[in-house]
Amino acid sequence: MTRTEHLLWILAEECAEVAQRASKAARFGLTEVQPGQIKTNAQRLTDEMTDLSAISQMLFKEGPLPAINFVSILNKEKKIEEFLLYSKECGTLDRDQTMPDWGRIDRS
Ligand SMILES: [Mg+2]
């Protein structure tokens with residue numbers, strides 16, 4: 001296995017760990033502390049997102065992945081907000097949950 005392949009497996013593992021922590025936070029709440037743990041679900045999710053950021057940065061710095069550009073991030077945020085509005089229209093998102101105040105910036 002090459003170094004890049006090894007890093008890609010770590011990336012996959014960290015993605016799975018983020019998915020698990022996000023699921024637990026959604027199911028039991030961000031402030032819940034799982035019995036036997038000392039950190040909240042929010043802290044544990046942030047820990048896993050930190051791990052994911054670290055391995056992502058290694059892959060970007062070492063070159064096997066092209067850099068993420070800032071415009072792509074903003075475009076994705078905009079798309080997510082559009083789907084949140086659609087979810088509200090479908091009745092699957094609670095009222096007044098579509099956009100936080102900081103998200104009201106016009107990015108068009
Ligand atoms: Mg981890």
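Just so it is clear, the values below take in all heavy atoms, side chains as well, and ignore hydrogens, waters and symmetry mates. Here, residue 1 is the first one in the sequence, and each next residue gets the next number. Numbering of ligands and ligand atoms starts at 1, following listing order.
- Atom CZ of Arg21 and atom CD of Gln43 lie 11.5 Å apart (nearest 0.5 Å).
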message: side-chain contact (heavy atoms from CB on, under 4.5 Å), that's the test. Do Val33 and Ile38 meet it? Break it down for me.
response: CA-CA 7 Å; Val33 178; Ile38 58 170; 5.8 Å; no
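- With respect to the salt-bridge test (charged N to carboxylate O, under 4.0 angstrom), the residues Arg3 and Glu62 qualify.
- Closest approach of Ser56 to Leu11, counting heavy atoms only: OG-CD1, 3.9 Å.
- Within a 6.0 Å radius of CZ in Phe83, other residues, nucleotides and ligands contribute 12 heavy atoms or fewer.
- Shown here are the protein N/O/S atoms lying under 2.8 Å from the Mg ion (ligand 1), water excluded: Glu14 OE1, Glu17 OE1, Glu48 OE1, Asp51 OD2.
- Applying side chain to side chain contact (heavy atoms under 4.5 Å, CB included) to Val71 and the options Ile68, Leu74, Asn75, Ile73 leaves one that passes, Asn75.
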